[in-house]
4 protein chains.
Amino acid sequence: MDKTGRGRPRSERARLAVLEAAADLLIEGGMTAATMEAIAARAGVGKATIYKWWPSRGHVALDSFFMRTKTTIAVEAGASLEEALTAKIGALAGLLRDPATGPLMREIVAVAQSDPDIRSALEERWVRPRRVAAEQVLREAAERGELRADVDFAAALDQLFAPLYYRLLFGHEPLDERLAETLVRQVIGGIAASQAW
Amino acid sequence: MDKTGRGRPRSERARLAVLEAAADLLIEGGMTAATMEAIAARAGVGKATIYKWWPSRGHVALDSFFMRTKTTIAVEAGASLEEALTAKIGALAGLLRDPATGPLMREIVAVAQSDPDIRSALEERWVRPRRVAAEQVLREAAERGELRADVDFAAALDQLFAPLYYRLLFGHEPLDERLAETLVRQVIGGIAASQAW
Amino acid sequence: MDKTGRGRPRSERARLAVLEAAADLLIEGGMTAATMEAIAARAGVGKATIYKWWPSRGHVALDSFFMRTKTTIAVEAGASLEEALTAKIGALAGLLRDPATGPLMREIVAVAQSDPDIRSALEERWVRPRRVAAEQVLREAAERGELRADVDFAAALDQLFAPLYYRLLFGHEPLDERLAETLVRQVIGGIAASQAW
Amino acid sequence: MDKTGRGRPRSERARLAVLEAAADLLIEGGMTAATMEAIAARAGVGKATIYKWWPSRGHVALDSFFMRTKTTIAVEAGASLEEALTAKIGALAGLLRDPATGPLMREIVAVAQSDPDIRSALEERWVRPRRVAAEQVLREAAERGELRADVDFAAALDQLFAPLYYRLLFGHEPLDERLAETLVRQVIGGIAASQAW
DNA sequence: TCTTAAACGAGACGGTACGTCTAGTCTTCTA
DNA sequence: TAGAAGACTAGACGTACCGTCTCGTTTAAGA
């Protein structure tokens, strides 16, 4: 019935060592280097301990990413639409640009393509909360009459967030500091000469 | 030295069998299923033959994707900016939505994250040509005075193309048929109520 | 320092449960099945408790064998040489033929080959007492003048006991009921036609 | 149909390296040391190669024993019963006494107790041929009228062979050089004072 | 009766070896 | 000389036990 405190409790030391080792290996050599054996060896942990608490390498990677990403998705009070969005997109860009977290995200997106479990976890725990927060900003602007009536919020959010991942994954353009501002400006105001619209 | 057709010529049958087998396996079970052994077995080909002509699984996957993607990046003559962009983005969306090619692209993006060779090949042979063509459309519109002077072309292209990959890879929203049109409209005209800008 | 019975005394229940569980598992599936974890689980005992009282699986097996073998090595008074020996060899044969003890002995002999501790314990606690008792019978017969002067007692004992283990371990012939009598008869009288000797 | 010479042929080098490595490891540290990993590492061979050609460690051990045991079970022509038997038993005793083969046999007998496959292979390929050859010697003596009519051949063979394995496995007495002669003498002539029989 | 300390069950821990799978290479025969 | 077959070394996979280590929980002797 009551299973409280039966047996040796889980080792917090081991948990952290695994996540740190995984993060380090992922940054150094990606998923190729971050084998279960390598993670276990570097963490000074038995392989079975890892398998006991995480069902796959992907889950370890995901958790190690979250461990290294203590961001808050705060809503900025009293900020203009443009300011609020720029703050959010800029923060994410900084994270993806950071050599301590960007490479992790790249690997996680990769494993997510062959692991539906990771894919949905990534969507629910990472992508969605940020989109929901940004959508809230957009909706408030809409209520203030600052947006067109026919705005497609989902598409607008994609146009703000997607370029960051696109550049991270394909590497065709750098994730520089002014990108967030540019993206916000162009999605709010458009790129057409004003008289044309 | 002498490259005259001495000896048995390369088997076109084998080349195609490998690419078809790889594509099928990738669609059925992703990179996990598309092992070299599985590809060789299904293609009725020796493993060594594959290694002789392709340096890695990623390259086979990339080639199999191109084999299944006989698209032309034609420049539409006499089309408006909006029409031209919608045609391009829509075509790509269709390709990524197609169950015969979308899953291939997902797997290729995944392997590209741990194989710089694939990553650059993907960028040069796939991403760049489409961006160059679309940029050409934008530049012509700019010359016609249809665009603002401060447009960031790279960012604009990202805002058109990135959402497609974003949705393909993360699956948070469907790649539906009207997406291209929406993206084009919003990036050209912006989402702000007109008087505000 | 003070070894007064402070603290909880050793659980006799646990001791017996371990030996019973080990014996059962050994009979069912040999050493392969009788893992420490399986013994502990079946006995309803913590693994550490087993390690506290027995240094290895082999020792548990040996003890479980002795627990199931409550034989007396009684000296038969007033029996002839042949009767006394047949009684002893027959008793051992019966024990090794018994499905409740024979398989245990097989496994113990096996572990003894890679554990010198078990090997010497087996020799001292099991083999030697029986040999000493049987040798006593032989020596008394020799004092009565019933044996040749050049008898090698050790070899004679081997010729009585060894065939039982030989058949148990190699299985080339059954350990049937008349074996003891035959062994005794042949080692005492020899197999040669009488005139030849 | 005809599978002649298709593919790379089996490597004789690997086969021998495995058997040598296994034999060495078995002698040095028994089955505990002769893990598949250790054998593979010492032989400079992949583990899969071992599993491809041998179903278990026991089979490798058995084969390595046979490799190190190039004995002939020749039938000595024109020898007396006693000479013929002493030659055979003495040869086997020498082999079991040899530090290069005796320890191997000990380990093989041990694994045979938990692997029926090994047990039957050992019986058929090792024990039986020697017993058959020795039984032939006995039967010829019987035809010459040198043996009693009621001789139990199987038991007699056990009384000749079993003591060797008994001493090898239990270690209670040494396998010295005169043992064969003593065993033969006592089983043929018996140990009783002649007048008693 | 209350303290106290050893023994207990449960079960997590760092390891080692298991037997399997795939990678990428090599060697043979065949076309 | 390219290719199909398939054996090779190497090494990661996920599992099973090993023997050790905490935990909270008995259990009886001694205070």
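Reminder, nothing fancy here: chain letters follow the sequence lines and each chain counts from 1. What you see is a predicted model, and the numbers here were worked out from it, not measured in a lab.
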Phosphate-side-chain proximity, D:Trp54 and E:dG19, N/O vs OP1/OP2 below 4.0 Å:
no
Have a look at A:Thr35 and say if it touches a base, only the backbone sugar-phosphate, or nothing, with a 4.0 Å heavy-atom cut-off.
sugar-phosphate
Judged by each residue's nearest nucleotide on DNA chain E, which is more toward the 5′ side, D:Ala38 or B:Met36?
D:Ala38
Kindly point out which of E:dG9, E:dG24, F:dT9 is positioned nearest to the side chain of D:Val45?
F:dT9
Out of F:dG19, F:dC23, F:dC13, which nucleotide sits closest to the side chain of C:Tyr51?
F:dG19
From the set E:dC8, F:dC13, F:dA4, return the single nucleotide nearest to any side-chain atom of B:Arg13.
F:dA4
Classify the side chain of B:Lys47 and the base of E:dG24 as holding, or not holding, a donor-acceptor pair under 3.5 Å.
yes
Please state how far atom NZ in B:Lys52 lies from atom C1' in E:dC26, giving the value in whole angstrom units.
13 Å
Proximal nucleotide (of E:dC13, E:dC8, E:dG24) relative to the C:Trp53 side chain
E:dC8
For the side chain of B:Arg68 and the backbone of B:Ala100, is there at least one donor-acceptor N/O pair under 3.5 Å apart?
no
Looking at the side chain of D:Arg10, which of F:dC18, F:dC8, E:dA31 is the nearest nucleotide?
F:dC8
side-chain contact (heavy atoms from CB on, under 4.5 Å) with A:Ser64: of A:Ile27, A:Leu26, A:Ile39, only one passes, and it is A:Leu26
side-chain contact (heavy atoms from CB on, under 4.5 Å) with C:Met105: which of C:Leu169, C:Leu62, C:Leu122?
C:Leu122
On DNA chain F, more 5' by nearest nucleotide between C:Glu37 and D:Gly44 is D:Gly44
I need the CD1-P distance between D:Ile50 and E:dT20, as an integer number of Å.
13 Å
With a 4.0 Å cut-off on heavy atoms, is D:Ala48 in touch with a base, just the backbone sugar-phosphate, or nothing at all?
base
E:dA23 P sits how many Å from B:Asp115 CG, rounded?
14 Å
5' precedence on DNA chain E between C:Glu12 and B:Thr32 (nearest-nucleotide basis):
C:Glu12
Gap separating the CE atom of A:Met36 from the NZ atom of A:Lys47, nearest 0.5 angstrom
9.0 Å
Under-4.0 Å side-chain N/O to phosphate OP1/OP2 contact, C:Ser11 with F:dT27:
no
Gap between atoms CZ and P, on C:Arg15 and E:dA6 respectively (whole Å)
22 Å
If you take atom types as modelled and just measure distance, does the side chain of D:Arg6 reach the base of E:dC29 with a donor-acceptor pair under 3.5 Å?
no
Under 4.0 angstrom, heavy atoms only, what part of the nucleic acid is A:Arg57 near: base, sugar-phosphate, or nothing?
sugar-phosphate
C:Arg8, nearest nucleotide to its side chain (from E:dC8, E:dC26, E:dC13):
E:dC8
Is NZ or CZ of D:Arg13 both nearer than 6.0 Å to the six-membered ring centre of D:Trp53 and within 45° of the ring axis?
no
